[in-house]
Structure formats: structure tokens, C-alpha cells
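Heads up, the thing below is written out as C-alpha cells.
In the text below, chain A, chain B and the rest are named by the order of the sequence lines, each starting its count at 1. Values below: every heavy atom of this structure, side chains too, minus hydrogens, waters and symmetry copies. Every value quoted in this text rests on a predicted model; they were computed, and no experiment measured them.
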Number of protein chains: 2
Amino acid sequence: MSEATHESKQRLLDAALTVIRAKGYSAARVDDICDAAGLTKGSFFHHFKNKEELAVAAAEYWACTTGKFFASAPYHDAADPLDRVLGYIDFRSAIIQGDLPDYTCLIGTMVQEQYDSNPAIREACERCIYGHAAEVAKDIDLAKARYVPDADWNAMDLAVHSQAVIQGAFIVAKARLSMGVALASVTHLRRYIEFLFSHPKGKA
Amino acid sequence: MSEATHESKQRLLDAALTVIRAKGYSAARVDDICDAAGLTKGSFFHHFKNKEELAVAAAEYWACTTGKFFASAPYHDAADPLDRVLGYIDFRSAIIQGDLPDYTCLIGTMVQEQYDSNPAIREACERCIYGHAAEVAKDIDLAKARYVPDADWNAMDLAVHSQAVIQGAFIVAKARLSMGVALASVTHLRRYIEFLFSHPKGKA
DNA sequence: TATAACATACCAACTGGTCGGTATGGTGAT
DNA sequence: ATCACCATACCGACCAGTTGGTATGTTATA
């Protein structure tokens, strides 16, 4: 990929994130995205074969940028793996800021509508969610081995559950137009994880 | 409303649930819904002013039918409020059956795309989610008063969190095309509630 | 001058919504 | 009983606007 290509393509991808997160994938028109990017259809279809390809590229772009974003977050500095896990949760709380389209998830929005209609988009979303969950699961696994090695739950399951809670929090926040309810759910998630790590067998 | 009116309108509403849950609101064409109902556009626009009005009616219909469905579920028979709360969670697990469009939530699907574009739909979704959460909160409140009256969380918050977990579970299930991951999240939710009710102060 | 990057104009297909018309059934006067 | 009158329910052809996508032309750059 040339660098020159990059800039306009990037702008289209960034525009896609904004528009799709606000309106959903189906309602997001190619022209909306072009307008948001300050470009035209000629440019759009020069860089992407069709709307679906843009969606897949947007999902991958999202996975890439959020991946770097989380990878560079300060919670990784903690020496204790459990502190990193809880730090991740706290970091997720901290980035719930501003307007809804700013903190909600492109992936959850797209997969909700397109899981049955568009396999390529669904698969890209699956890769993104599970890729991120696998990263989180690493620290969960280390923390589990250190503190509750015999607990009857596994790290990846808990990581995926965490993603589910966050996704669900966004939905409730959208219904209420309030980030407060999203934060409340993430707080419950944090407490659950604290519980899990203070009970050797994972039982109440 | 005459009974004759009812039947076709009902068929359109039922068709709307099916089509919207499978394709999302934007991608659900009026003709798709008419086809699914075995009726024509003439009938559709006789019963509903426009597509938005159908969506709002569908949300209310959903709230009504699921409301009755949960109200008549056997978990209400338990004498202990905590058993009813856990019974509700188990019931939610039990109804995760069949294909994805059969157990996922119309409300979550619609509000995800339309929260910013269509206030009437968002408000209908908010009423539905919070109305259901308020019902669940009643038993949570009773159980809390009995077992952990001093805990530092409140019933409605936990009820809304439960809805968030369930909504999030659907999203992850859609990404993976698997109801197993949805069940896993609901299982985590159950364990969290068990934890909360075995710790007087709500602390780990 | 060759090629990538973009703009402009355009099209065919589709979409929500309209409209004229029909079928059916109820009501009240004769 | 029958007929005029009217309302509701429904049909399906149609329309105007929109949409994803294409064709063609222009500009920048190497």
C-alpha cells in the first residue's frame, strides 16, 4: 500500500467508523461516508470494491487501532496480572466519555444487523471480538494461575463474558441515551471479577 | 378495534419481529414484512402510517408478549424471592434455544441502529427494557431486603445490568453464530448474583 | 507519458409511500 | 326482504426519490 493511498483510504475508514456507529451499517450510505471523509464516490470505489469490502476493512481497521490503543494503555505496567485485569476494566470505564457514537463499538453495531445477511462482515467481527478477548484472557490466565488455580471457570470464557457485558452496556446506554448506565454495568463486571479472584473454587 | 382488524395487523407485527430480528430495522423492507405476513403493501399502510410507526408498534407488541411470557413462567411460584431471581436467570438460559433469530431480542437489535436516528423507536425500546428490568427488580429488592439489606448496590441497577449481560450475550452469540457463548455469559451472571447474595456488604 | 488518485455525471434497481379501485359486511329506511 | 349508503379491509400498479455502483474525464506525480 502506498502512503498516498493511505491518507484518503484512511479518511474513508475513519468516516465509516463515525457514520456506521451513529446510524448502523445498512442506514450508512456510501455518500454519507464520502461526505464525512470530504471525498467523492470516485475515490470511494477506487479504494474499495463495494460497500461490504469497506465494512470488512473498517472492522479490521478497528481491530488494529483499538488493539494498539489497548496495548499502549498504562494498565499493562502493573506487575501483578490481577492488577492488569482490573486495570483493563477500569480503563474501559475511563474511555466511556463524550457522546454515544464516540465510545460505542463499531463491531457490536455491525454484527447485530449483519450476522445473518453478510458472512464476510460477521467473520470480521468475530475475529475482532475474539482477538481482543484472547489478549485480555492472557492476563486473566496468569492471574488465575497465581490466585485461584483451581477455580471452575476458564480465562477465555471470562474474557468473552467481559466483552459481552461491555457490548450489552452499550445497548442499554443507547436505549437510555446515558453513559451512566454503561458505567454501572462495567462496575458490576469489576466486582464480579474481584469476587472470582477472592474465592479459590469460584463458588459463592 | 374489531377482531377482523386484529388478525392482519397481528400477522404484520409477527412478521416484523421475524424479519427485523434477522436483518435489522434498516435492512428490513416493508415488502419483506408484507411477504412474511402474506399480505400486501396496501394492507400494511392501511394499518400503519409508516415504517417507523410499525417499529414502535412492534416494540410495544414485543414488550406486551414477552411481559406475559415472563409473567406466566414457573419461576414465580418459588416462595423465596432469591429463588425467583435465580429462577428468572435460569429461565432466560432455558429459552436460548433454536436459531439465533428465535432467541435474540428485537429491542436490542432496533435500538442499536436507531438510537440516534429515530427518537420514537429509541423511546419505545427504552420503555421496554426498563419496564422489564423494573419487574425483575421487584424480586431482587425483596431478596436483598431479606438476605443482604446493607449491601452497597441497588436492585434496579442490578436488574438493568442483567439486561445488559443478556443483550451482550446475544451480540457475542451473533458474532460466533453460537448459542453456547450466550449461555456461558448468562451462567457468569448467575454466579455473580449468587456472590452478591452471599456477601452482606457486597464486597469481595 | 504512464499511472494512480480523484471528481463528475450518470444509470439501473430498488424503496417507502400513494392512489384508485374492489370486496365485504353492517345499518337503517322503506 | 331489499336496497341505498357507508366504513373497513385489502389489493397491486404506480411514483418520486434514493442507492450502490459504473463510465468517463481530469489532475497530480513519478
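Between the side chains of Ser26(A) and Gln114(A), at least one donor-acceptor pair of N or O atoms lies under 3.5 Å.
Between the CZ atom of Phe45(B) and the C1' atom of dA13(D) there is a distance of 15 Å, given to the nearest Å. Straight-line distance from the NZ atom of Lys41(A) to the P atom of dT18(D): 12 Å, rounded to whole Å. Here the C1' atom of nucleotide dG17(D) and the CZ atom of Arg29(A) are 12 Å apart, to the nearest Å. Distance CZ (Phe44(B)) to P (dC11(D)): 13 Å, rounded to an integer number of Å. His46(A) places its NE2 atom 4 Å from the P atom of dA5(C), with the value rounded to the nearest Å. In this entry the distance linking CG of Leu54(B) with P of dG16(C) reads 11 Å, nearest Å. In this structure, CG of Asn50(A) is placed 20 Å from P of dA12(C), rounded to the nearest angstrom. One can place CG of Asp31(B) at 7 Å from P of dG16(C), the figure rounded to the nearest angstrom.
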**Asked** What's the verdict on side chain to side chain contact (heavy atoms under 4.5 Å, CB included) for Ile121(A) and Val111(A), showing C-alpha distance, side-chain angles and the deciding distance?
**Response** CA-CA 7 Å; Ile121(A) 294 177; Val111(A) 79; over 6 Å; no

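Take the nearest nucleotide of DNA chain D for Leu39(B) and for Val30(A): the residue whose nucleotide is more 5' is Leu39(B). If you find the closest nucleotide of DNA chain D to Gly42(A) and to Ser26(A), the one lying nearer the 5' end belongs to Ser26(A).
For Lys51(A) against dG21(D), no side-chain N or O and base N or O form a donor-acceptor pair under 3.5 Å.
Salt bridge annotation for Asp152(A)-Arg191(B): present, with a cationic side-chain nitrogen under 4.0 angstrom from a carboxylate oxygen. Classification of Lys23(A) and Asp116(B) as a salt-bridged pair fails, no side-chain N sitting under 4.0 Å from a carboxylate O. Salt bridge Asp80(B)/Arg146(B): present, at least one basic N to carboxylate O contact under 4.0 Å.
Contact annotation for Ala37(A): no contact, since no heavy-atom pair falls under 4.0 Å across all strands. Counting any heavy atom pair closer than 4.0 Å across all strands shown, Ala27(A) reaches no nucleic acid atom.
For dC6(C), the OP1/OP2 oxygens have a side-chain nitrogen or oxygen of His47(A) closer than 4.0 Å.
Distances from the side chain of Ser8(B) to the nucleotides dC10(D), dC11(D), dA7(C) place dC10(D) closest.
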